[in-house]
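We number each residue from 1, following the sequence as shown.
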Amino acid sequence: MIMEDQRTPAVRVEKLGTCAARLAWCRPGQLRAPRFPWPAGRSREGTWKLLLKHPVPKKRSYHQLYALKMEAVEMDNASLKRPHSEDKEANVDEIKRQKVLEEALKERENTDQKTEAEAELKPIKPPVEDAKKILLNEASAGQDEEELEEIDGEGDPESFADMMKHGLTELDVGITKFVSSHRGFSGILKERYSDFVVHEIGKDGQTIHLDDFSVPLDKEDPSEEIFTVLSAEDKQRLEDLQLFKNKEGSVAIEVIEDTKEKRTVMHQAVKSLFPGLETKTEDRDGKKYIVAYHAAGKKALANPRKHSWPKSRGSYCHFVLYKENKDTMDAINVLSRFLRVKPNIFSYMGTKDKRAITVQEIAVLRITAQRLAHLNNCLMNFKLGNFSYKNHPLKLGELQGNHFTVVLRNITGTDDQVQHAMQSLREIGFVNYYGMQRFGTTAVPTYQVGRAILQNNWNEVIDLILKPRPGAEKGYLVKCREEWAKTKDPDAALKKLPVKRCVEGQLLRGLSKYGLKNIVSAFGIIPRNNRLMYIHSYQSYVWNNMVSRRIEEYGLVAVPGDLVLKGGTAVYIEESDVDNYTIHDVVMPLPGFDVIYPKHKIGKAYEEILAADNLDISNMKHKIRDYSLSGAYRKIIIRPQDVSWELVVYDDPKIPLFNTDLDKLEGKPPAVLATEGKYKALKMDFSLPPSTYATMAIREVLKMDTSIKNQTQLNTIWLR
């Protein structure tokens with residue numbers, strides 16, 4: 001069974017007392033219970049205050065990080081810069097927190113009054129206006145998964161809320177408008193990652209599900225015995241031979257309990273598990289050995305299965321990948337390591353969210369379904385199934401969209417509010433903004449780097465990526481940035497990075513190789529998709545701002561001068577045919593050299609926003625071809641398909657509120673929903689086209705700001 005972290009709601013203070021970390025921050029809007037014991041000599045009261053003062057921003061290593069912090073405080077409490085009795089103004093928040101603590105402890109001592117205490121601790125409903133706040137725990141896009149290290153420094157570390165005050169809000173990236181008139185309400189998104197499920201919609205329009213673990217029958221497949229006939233030591237030696245890591249040109253494996261049948265299975269095992277190796281049987285001192293060797297030198301590894309793949313079988317094995325809490329590229333890297341192949345033999349139609357359960361189709365070149373199915377026995381958070389052989393790979397963008405099943409927990413809206421909001425989503429839709437994850441989560445937005453690239457200002461590009469920045473970052477990145485600011489020595493800064501594959505590490509390697517006078521080549525070491533991400537972020541920033549201006553100026557109707565697509569070509573709406581179009585037909589351009597702009601005021605606004613950034617709207621071609629923007633068109637309003645919803649009540653925030661594909665395959669009974677409960681949740685289903693952000697649809701329903709900055713501020717208010 002795939003297990004997920006057991007999470008508790010943000011303000012369930014009655015949980016206090018089981019362990020110190022019961023209230024440690026996990027992600028914005030959530031608290032989790034790390035599994036280390038209450039430190040000896042530490043009072044529960046003191047630990048509660050410490051946890052409130054030092055929340056932690058990221059999911060991994062919180063337990064170790066907090067253990068270290070608490071030990072340090074106990075060893076030398078005087079080392080803190082703001083002692084409890086030193087500054088009256090600084091203690092205002094402390095007094096508030098102490099009051100919350102005392103109420104919580106009384107609650108545990110007096111169970112008869114528990115219901116009243118819980119009512120007092122329920123979240124405050126935020127004001128429903130343009131500046132509304134939301135508690136959405138959106139996973140940070142593009143973040144590395146290495147362990148979080150403690151940031152060294154004197155005095156108190158900043159709280160996560162303090163660090164995130166340097167982050168972006170929706171207003172910063174042009175997200176300002178709603179299309180519906182209903183009153184908003186609050187709710188928690190992704191309290192558990194299983195509350196957010198994504199199913200890919202294939203190019204045939206069918207939603208992809210994992211519903212079959214069986215392997216296609218193929219007489220060419222070796223028997224299941226091949227996976228057990230070789231020892232772990234034998235497999236390691238063969239892998240080293242396959243990858244040319246050892247000095248010997250062959251590996252000899254003694255055949256124990258020699259029979260012809262066993263030798264045959266061992267030959268099959270080596271050839272199947274280690275493509276590129278050939279085998280033969282040799283007699284040595286009266287014993288039989290299977291000797292593995294390279295048949296054609298290093299060239300055999302270039303096309304590893306060419307010599308043994310049946311001609312009657314399609315070259316690509318297509319399968320459905322079910323994954324939990326992993327993004328698509330991480331999943332591909334894990335699969336390639338276990339299969340001992342390069343990641344580039346996998347293909348897919350689109351990347352999927354990390355903090356979610358996602359189901360999508362993958363194709364892999366010349367790997368049998370049998371080998372893939374075997375991974376189900378040894379991988380956590382992954383399941384593979386629905387295998388088939390085909391003669392073609394998958395291509396990015398071939399999908400028709402994604403189907404989402406989302407649970408918003410602990411909602412505050414009335415049944416009528418929810419009904420009005422969901423009907424509006426189904427009938428009108430939402431503004432098709434680029435979501436906050438498009439712009440990064442640190443104090444330096446990705447669109448600023450993209451703007452510097454388009455301006456050909458390479459020194460600023462380097463400065464924006466490598467300079468020290470306020471806010472939430474890993475300790476080793478902080479040290480690396482400080483070293484760079486101090487010395488401008490890429491080698492010295494690189495030594496501070498244990499993880500070299502991050503963008504900062506790749507850029508520093510490039511600067512070390514090409515020098516500070518050849519920044520363009522140094523920047524080129526970063527993978528192309530990552531480099532283009534910065535430029536696309538700038539395009540998205542401009543598009544968001546222009547769409548908000550367009551809705552402000554002309555509302556939600558088509559007007560002369562707007563653009564619509566006819567057969568893939570953008571044309572203007574003329575006065576004579578304006579009645580033939582609605583706002584759902586209108587598109588807006590992402591800036592580039594191969595697009596046209598609206599003929600009304602918004603066309604001039606595009607020119608002004610680019611001119612303010614020292615860019616010429618009539619010359620969007622860059623000296624470096626990769627960075628030339630051709631542009632594209634994107635619909636202003638998206639109306640989701642297959643929209644449905646239901647309100648459910650529950651008492652236990654740990655229980656799932658619906659079954660996943662894996663639950664159904666494992667025969668789990670459907671979730672039993674209560675008729676009455678403490679909390680109310682909104683379960684919603686809808687389908688969206690590619691490159692559309694589900695968080696923007698949810699924003700329209702809740703009428704709330706989805707930025708991490710606002711999520712964190714709201715959480716801080718809750719705890720105070």
Keeping the roles fixed (side chain from T692, backbone from P689), state whether a donor-acceptor pair exists under 3.5 Å.
-> yes

Flag, side chain of Y633 to backbone of L563, donor-acceptor distance under 3.5 Å = no

For the side chain of N518 and the backbone of G515, is there at least one donor-acceptor N/O pair under 3.5 Å apart?
-> no

Whether Y541 side chain and T446 backbone form a donor-acceptor pair below 3.5 Å = no

So, is the end of the R699 side chain (NZ or CZ) under 6.0 Å from the ring centre of F178 and within 45° of the ring's axis?
-> yes

Measure from the side-chain N and O atoms of R469 to the backbone N and O of L464, and report whether any donor-acceptor pair falls under 3.5 Å.
-> yes

Under a 4.5 Å cut-off applied to non-hydrogen side-chain atoms, are L335 and F346 in contact?
-> yes

Can you name the side chain to side chain contact (heavy atoms under 4.5 Å, CB included) partners of S687, sequence neighbours left out?
-> I201, H403, Q641, D642

With D594 via side chain to side chain donor-acceptor pair (under 3.5 Å) - residues at least two apart = none

Derivation and outcome, side chain to side chain donor-acceptor pair (under 3.5 Å), residues R438 and S537 = CA-CA 6 Å; R438 186 83 165 187; S537 177; 6.0 Å; no

Is the distance between the ring centroids of Y514 and W458 under 6.0 Å?
-> no

Is there a donor-acceptor pair under 3.5 Å between the side chain of S548 and the backbone N or O of G174?
-> yes

Closest approach of M588 to I602 (non-hydrogen atoms, all atoms of both residues) | CE-CG2, 3.7 Å

With the threshold set at 4.0 Å, does a side-chain nitrogen-carboxylate oxygen contact exist between D327 and K352?
-> no

Between E575 and P560, is there a donor-acceptor pair closer than 3.5 Å when you use the side chain of the first and the backbone of the second?
-> no

Pairing residues for A694 by the side chain to side chain contact (heavy atoms under 4.5 Å, CB included) criterion, not counting sequence neighbours = F196, F404, F686, L688

Decide side chain to side chain donor-acceptor pair (under 3.5 Å) for E170 and T176; before the verdict, give the C-alpha distance in whole Å, the side-chain angles of both, and the deciding distance to 0.1 Å.
-> CA-CA 7 Å; E170 288 185 349; T176 61; over 6 Å; no

Between Y447 and Y538, does the ring centroid distance fall short of 6.0 Å?
-> no

Give a yes or no answer on whether the side chain of S512 reaches the backbone of L508 with a donor-acceptor pair at less than 3.5 Å.
-> no

